[in-house]
Amino acid sequence: MDKNTLISSFGKWVSPINIQKLSEQVKELKQDYYTKKLTTEAYIKFLLVAQLLEFKSLEEMSDALVDEDLQKALGFESISASQLYPKKHQINP
């Protein structure tokens, strides 16, 4: 699957996720309390892309972040690789 097909199809793949329920739970748990850019919702979407593209490591994931089209499709605003590591440990302590 090429990158353009992935990006154009991604909205259909994540549509079953109940974003409202997710947002309520994130707010209740204060998961994004100190978050400025990489929200839990965006991180989950990025993890789904990582699974679909079969990334093997956080390094591969961070390398993909240089793609502005991918960032735009996921709703990121200039996310850096360094922001992945704290979020991973926040979600999976």
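This structure is a prediction, so every number in the text was calculated from the model and none was measured. Along the sequence shown, residues are numbered consecutively beginning with 1. Computed over heavy atoms, backbone and side chain alike; hydrogens, waters and symmetry mates excluded.
- Sorted by first then second residue, the side chain to side chain donor-acceptor pair (under 3.5 Å) pairs that include residues 48-58, not counting sequence neighbours, are S57-E59.
- Between F46 atom CZ and L53 atom CG the span is 9.0 Å, to the nearest 0.5 Å.
- Between the CD atom in E24 and the CD1 atom in I19 there is a gap of 11.5 Å [rounded to 0.5 Å].
- A 4.5 Å side-chain heavy-atom check between E41 and V26 finds every atom pair outside the cut-off.
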Next item on the list: Tell me, with the steps shown, if D32 and T39 meet side chain to side chain donor-acceptor pair (under 3.5 Å).
Entry: CA-CA 6 Å; D32 288 342; T39 64; 4.7 Å; no
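- For the pair M61/L47, a side-chain contact is recorded, criterion being any heavy-atom separation below 4.5 Å from C-beta on.
- Looking at heavy atoms from C-beta onward, E28 lies out of side-chain contact with Q25 at the 4.5 angstrom threshold.
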Check: Should L29 and T40 be marked as a side chain to side chain contact (heavy atoms under 4.5 Å, CB included) after you check the CA-CA gap, both sets of side-chain angles, and the distance that decides it?
Finding: CA-CA 11 Å; L29 297 171; T40 300; over 6 Å; no
